[in-house]
Every structure is written in structure tokens, then in C-alpha cells.
Amino acid sequence: RRSVEASDAGGYRAGLQGLALLAGTHALSGDLPQARAVAARAEQRDWPDRWKTGYPGSYLQLAYALIALEDGDVSAASERLHTLDEHRETIEHWAPLLHVDVLIELRRHRPDIARERIRTVVMAQRSRRAISPFVSGRLRHTTALATLAAGDLPAAARVLGKAEDIRSAVGRARVALAGNDPEQALRMLSGVVAPETSRRVRAEYLSLSVAAVALLGREDAAARSAIERLEAVLAESDQSLALAL
């Protein structure tokens, strides 16, 4: 935000990249109304040739891909990422872009293709020495999601390991739920969501909680409250992927 403000004040083109990064960050965080609004602002600007489909605009294309996925338009999401093909390997945001690749393949019900995509991209980036411990940790969640979708629950649990962060707890609860253990899923989810959690993680947490409650056949006030909270988060953030997952 500060880079956009400074660039607007000075008439610098760097603000275009700031807008792209801001749109993509909102989309990744699960705040789709903000992502749409910032993307619309970006479209009103005069972009130099090839900036939108190169490194400077990569997070704008990522934002559009996630917006399309949330709208249920898998083809449009894929097309957005393909606009970056010429530069994908050298864009430092390759891990979030890979995550969206995987989400696209999971929405197409092709977990094996998603897992192969992870393998080939990680191998290529490793050869470029472009994988840091932070990125490796982030990719755990992408890999676990694809592994679980392929039906290999033990492997998905191994990938997640014993990390104590909120996203890992949500991932382990998803594995438990897929293994038809809703009580264990609820235990894993209990008390893990902090106020500063992103809307995307919160939507996934609430979706899994509601699914577990439904499998347990509960119809009490707590169950109704969970459903109402999920509905509110999805409506405010314009998300649907949490339910799809």
C-alpha cells in the first residue's frame, strides 16, 4: 500500500507492481472483494508492454486466477496462469503460483496431475537453488492437499508433520475428516484459530468444523452457530474454495 501511495505521489511506474502484489495478496488471504477492487484499479493504469504478463504483473494474474477459481471458472483460472508461461520459471513467486496450479487440478479432479506438477516444478527450482526453508514449509501444505486428494491419507499426514502452526492443524483435521474420524478432526481444530488468522484459513477451519458436525449428526446450538459463522465468512469474503476442498 505504501509503495502504491508513494508511486502515485511521484508518478512512478513502480506503483503498478505494488497494485499487482496487493491484489494477489488479498486473493491469497481470502479477501476477494478487496482483490477485485485492487485489480480494477490496476486495470485503469497504463501498463508498459509485457509488464502485466511478466514479473511485475505476476501477482495480478495470480489474483485473477484465484478470483476465477472462487467463481467456479476453472478454465479462466488456468488461462490467467498460462499468460505467465514465458517467465514462470524465473518468477520468485513460483510457490504461490504452483499452489494455484494445484488448486486448479484438484477442481478438475486430477490429483495425480497436481502431484506431478509439484514434483517437476520443485525439481526445476531446486536445480536453480531457488528453494528456501520458508518456501519448503509453505509447500508442505500444497503437497499435503494434493496427496490427500489422491487418497493417500498416511502420506498426507507425514507431509504435514508435527508443525504447530494454524494451517498445519487445519491440514491434519482435513486428513482426519477424510479418514472418517470427525471427532478427531474437531479435537484438532479446537482452539487453533487466532483472531489474526487470514479469512482463507478461517473459512477452511469453519468448513471442516461444519463438515465434522454434520458427520456426527449434531443439531444443537453449537452446530447451528458453526454453520452461521461459516456462512458469514464466506459471504463477506466471497469465497467458495473452502467448501470445495
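Below, each value reflects all heavy atoms present in this structure, side chains not excepted, and no hydrogens, waters or symmetry copies. As the structure is a computational prediction, the values presented were derived from the model and not from experiment.
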* Structure fact -> What one should report as the nearest heavy-atom pair of W51 and R13 is CZ3-O, 3.6 Å

* Count the heavy atoms of every other residue, nucleotide or ligand shown that sit under 6.0 Å from CZ of R1, and state whether that count exceeds 12. => no

* **R172 side-chain N/O to G161 backbone N/O, donor-acceptor pair under 3.5 Å** => yes

* Asked: Counting only heavy atoms not in D49, do more than 12 sit closer than 6.0 Å to its CG atom?
  -> no

* Asked: Closest heavy-atom contact between A223 and R218?
  -> CB-O, 3.7 Å

* Structure fact -> Note: with side-chain heavy atoms under 4.5 Å as the link, the other cluster members for L148 come out as L153, L160, V175

* When you check the gap from the basic side-chain N to the acidic O, do E204 and R174 get nearer than 4.0 Å? -> yes

* Taking all non-hydrogen atoms of both residues, which atom of A95 and which atom of L139 are closest, and how far apart? -> CB-CD2, 4.1 Å

* Anything under 30° is parallel, anything over 60° is perpendicular, the rest tilted; go ahead and classify Y59 against H93. => tilted

* Look at the side chain of Q61 and the backbone N and O of T83, then say whether any donor-acceptor pair between them is shorter than 3.5 Å. => no

* Check: H99 and H141 side chains under 4.5 Å, non-hydrogen atoms -> no

* To do: Indicate, with yes or no, if L97 and L66 share a hydrophobic cluster defined by side-chain heavy-atom contacts under 4.5 Å among Ile, Leu, Val, Met, Phe, Trp and Tyr.
  => yes

* Asked: Are any of the side-chain heavy atoms of L186 and L216 separated by less than 4.5 Å?
  -> yes

* Asked: Which distance, rounded to the nearest 0.5 Å, do you find between the OG1 of T197 and the CD1 of I166?
  -> 3.5 Å

* Contact list for residues 176-185, test side-chain hydrogen bond (donor to acceptor under 3.5 Å, both in side chains), sequence neighbours left out -> Q184-R187

* **Backbone N/O of A222 and side chain of S225: donor-acceptor pair under 3.5 Å** => no

* Rounded to the nearest 0.5 Å, how far apart are CZ of R107 and CG of D73? -> 11.0 Å

* For the pair R45 and D8, find out whether any cationic side-chain nitrogen is under 4.0 Å from an anionic carboxylate oxygen. => yes

* Asked: Mind checking whether R200 and L241 have side chains closer than 4.5 Å, heavy atoms only?
  -> yes

* Structure fact -> In terms of heavy-atom contacts, Y64 and A39 come closest through OH-O, 3.7 Å

* Less than 4.0 Å between a side-chain N and a carboxylate O, is that true for E70 and R36? -> no

* To do: Would you please name every residue forming a salt bridge (Lys or Arg N to Asp or Glu O under 4.0 Å) with R117, sequence neighbours left out?
  => D101

* Asked: Is the closest basic N to carboxylate O distance between E86 and R50 below 4.0 Å?
  -> yes

* **Rounded distance [0.5 Å steps], CD in E92 versus OG in S132** => 11.0 Å

* Structure fact -> Across all chains, not counting sequence neighbours, the salt bridge (Lys or Arg N to Asp or Glu O under 4.0 Å) partners of E5 are none

* Side chains of W94 and R88 in contact at under 4.5 Å (non-hydrogen atoms) -> no

* Asked: Does one hydrophobic cluster hold both Y55 and L84, with members joined at side-chain heavy-atom distances below 4.5 Å?
  -> yes

* Asked: Under a single-linkage definition using a 4.5 Å side-chain heavy-atom cutoff for Ile, Leu, Val, Met, Phe, Trp and Tyr, are L145 and I104 assigned to the same hydrophobic cluster?
  -> yes

* Quick one: are T53 and D85 in side-chain contact, heavy atoms under 4.5 Å? -> no

* Asked: For atom CD of E43, is the number of surrounding heavy atoms from other residues, nucleotides or ligands below 6.0 Å larger than 12?
  -> yes

* Below 4.5 Å, heavy atoms only, C-beta onward: do S240 and L234 meet side chain to side chain? -> no

* **Non-hydrogen atoms of L60 and W47 that approach each other most closely** => CD2-CZ2, 4.0 Å

* **L215 reachable from V210 in the ILVMFWY side-chain graph, under 4.5 Å edges** => yes

* Are the side chain of S78 and the backbone of V74 linked by a donor-acceptor contact shorter than 3.5 Å? -> no

Pairs under 3.5 angstrom only: tabulate donor-acceptor contacts from the side chains of residues 14-35 to other protein residues two or more places apart or in another chain.
{"unit_1": "T25", "atom_1": "OG1", "unit_2": "L21", "atom_2": "O", "d": "2.7"}
{"unit_1": "S29", "atom_1": "OG", "unit_2": "T25", "atom_2": "O", "d": "2.9"}

* What pairs meet the salt bridge (charged side-chain N to carboxylate O under 4.0 Å, His left out) rule with one or both residues in residues 124-142, with sequence neighbours excluded? -> R140-D165

* Asked: Has the side chain of R224 got a donor or acceptor atom that lies under 3.5 Å from a matching backbone atom of E219?
  -> yes

* **Hphob cluster co-occupancy, L243 + L103, side-chain heavy atoms under 4.5 angstrom** => no

* Closest approach of E105 and A114, non-hydrogen atoms and distance? -> CB-CB, 3.8 Å

* Could you tell me whether the side chain of E236 reaches within less than 4.5 Å of the side chain of R199, counting heavy atoms only? => yes

* Do L106 and P111 come close enough that some side-chain heavy atom pair is under 4.5 Å? -> yes

